[in-house]
> 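Following this message is one structure expressed as structure tokens.
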Amino acid sequence: INAEYMGKKDLSKLIKDCGGTLSYILTKQTTHYLSNIETFIDKTNNIKKAREYKIPIITYKYIEDCINQNTLLQFNDYLISDENVKKEEELFELIKRNVSFSSLVFEKKKKKKKKNS
């Protein structure tokens, strides 16, 4: 399953079938707030409100893993925070640089091979 891209109705049913409840209204009684990195970075009103209420902001992967493992998991590994986002952005930049470097190395090797032919 890919909970992030499920429709609200399907996601709600899935969570209810597993004994949970899903609400689209964020209150101080909300226990977890589902989000993705993009929404977190955009600092939407709900993200601001969840932070103000000190509600854990977690990824949709949490729902997927709970369902796949048929148990309620600890959510610490699924938290979205400024620190996690920064690490992910740094990793993305590193991967992007490595891919560019690998492409450059490949191109140089490829050109050398053509010259020797």
Side-chain angles (χ1 to χ4, degrees):
I1 66 169
N2 191 335
E4 184 173 355
Y5 298 105
M6 292 180 80
K8 290 180 179 182
K9 188 176 180 181
D10 292 335
L11 182 60
S12 180
K13 182 181 180 334
L14 191 61
I15 291 172
K16 284 179 184 177
D17 288 349
C18 293
T21 57
L22 181 67
S23 173
Y24 295 100
I25 300 170
L26 185 63
T27 69
K28 290 181 180 179
Q29 287 72 40
T30 302
T31 58
H32 302 78
Y33 182 75
L34 289 174
S35 185
N36 58 36
I37 300 288
E38 293 80 16
T39 302
F40 183 85
I41 290 170
D42 288 344
K43 304 284 189 254
T44 63
N45 286 336
N46 277 343
I47 293 293
K48 290 176 187 173
K49 193 185 274 191
R51 293 178 103 177
E52 177 187 332
Y53 294 162
K54 302 203 183 322
I55 296 168
I57 302 168
I58 57 174
T59 65
Y60 286 86
K61 181 100 173 88
Y62 174 73
I63 299 298
E64 296 168 16
D65 289 352
C66 286
I67 290 166
N68 289 334
Q69 295 179 37
N70 200 30
T71 189
L72 188 61
L73 301 168
Q74 294 293 319
F75 60 84
N76 293 347
D77 292 337
Y78 302 89
L79 287 171
I80 304 174
S81 67
D82 290 325
E83 184 179 310
N84 292 352
V85 168
K86 184 178 179 187
K87 285 179 186 175
E88 189 167 304
E89 288 172 341
E90 289 170 357
L91 180 62
F92 178 75
E93 283 301 313
L94 182 62
I95 290 169
K96 199 164 77 173
R97 277 190 238 129
N98 283 338
V99 167
S100 296
F101 178 74
S102 297
S103 298
L104 181 65
V105 170
F106 177 74
E107 286 299 318
K108 284 184 179 181
K109 286 181 180 178
K110 193 175 174 184
K111 287 179 183 178
K112 281 183 182 180
K113 198 171 189 180
K114 284 183 179 179
K115 288 180 182 180
N116 291 335
S117 299

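Positions are given from 1, in the same order as the sequence printed here. On a predicted model such as this, the values are computed, not experimentally measured, just so you know.
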> Rounded to the nearest 0.5 Å, how far apart are NZ of K61 and CG of L73?
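Here the rounded value is 10.0 Å.
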
> Would D77 and Y62 count as having a side-chain donor-acceptor pair, cut-off 3.5 Å?
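Per modelled atom types, D77 and Y62 side chains form no pair under 3.5 Å.
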
> Please enumerate all residues that pass salt bridge (charged side-chain N to carboxylate O under 4.0 Å, His left out) together with E83, with sequence neighbours excluded.
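Salt bridge (charged side-chain N to carboxylate O under 4.0 Å, His left out) list for E83, sorted by chain: K87.
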
> Taking ring-ring contact (aromatic ring centres under 6.0 Å, His included) as the test, write out the residues that go with F75, two or more places apart.
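Partners of F75 by the ring-ring contact (aromatic ring centres under 6.0 Å, His included) criterion, ordered by chain and then number, come out as H32.
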
> How long is the span from the OG1 atom in T59 to the CD atom in E64, to the nearest 0.5 Å?
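It comes to 7.5 Å.
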
> I'd like to check the salt bridge (charged side-chain N to carboxylate O under 4.0 Å, His left out) partners of D10; sequence neighbours left out, ordered by chain and number.
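D10 satisfies salt bridge (charged side-chain N to carboxylate O under 4.0 Å, His left out) with no residue once adjacent residues are dropped.
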
> What distance do C66 atom SG and L14 atom CG have between them, rounded to the nearest 0.5 Å?
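C66 SG to L14 CG: 10.5 Å, rounded to 0.5 Å.
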
> Is any side-chain heavy atom of I47 closer than 4.5 Å to a side-chain heavy atom of N45?
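No, too far: nothing below the 4.5 Å cut-off.
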
> Without placing hydrogens or testing angles, list every side-chain donor-acceptor pair under 3.5 Å for residues 33-43, not counting sequence neighbours.
| unit_1 | atom_1 | unit_2 | atom_2 | d |
| --- | --- | --- | --- | --- |
| N36 | OD1 | E38 | N | 3.3 |
| N36 | OD1 | T39 | N | 2.8 |
| N36 | OD1 | T39 | OG1 | 2.8 |
| N36 | ND2 | E4 | OE2 | 3.0 |
| K43 | NZ | D82 | OD1 | 3.1 |

> Under 3.5 Å, which donor-acceptor pairs do the side chains of residues 21-31 form with other protein atoms, sequence neighbours left out?
| unit_1 | atom_1 | unit_2 | atom_2 | d |
| --- | --- | --- | --- | --- |
| S23 | OG | I25 | N | 3.1 |
| S23 | OG | I25 | O | 3.2 |
| Y24 | OH | K8 | O | 3.0 |
| T27 | OG1 | Q29 | N | 3.1 |
| T27 | OG1 | Q29 | OE1 | 3.4 |
| T30 | OG1 | T27 | N | 2.9 |
| T30 | OG1 | T27 | O | 3.0 |

> Rounded to the nearest 0.5 Å, what's the gap from CD on Q74 to CG on L72? Could you check?
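So the CD of Q74 and the CG of L72 are separated by 8.0 Å.
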
> In chain order, what residues pass the side-chain hydrogen bond (donor to acceptor under 3.5 Å, both in side chains) check against K13, with sequence neighbours excluded?
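Counting only residues at least two positions away or on another chain, K13 forms a side-chain hydrogen bond (donor to acceptor under 3.5 Å, both in side chains) with D17.
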
> Is any side-chain heavy atom of L11 less than 4.5 Å from a side-chain heavy atom of Y60?
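Yes, side chains in contact.
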
> Would you sort out whether I57 and L79 count as a side chain to side chain contact (heavy atoms under 4.5 Å, CB included), showing the intermediate values?
CA-CA 6 Å; I57 302 168; L79 287 171; 5.9 Å; no

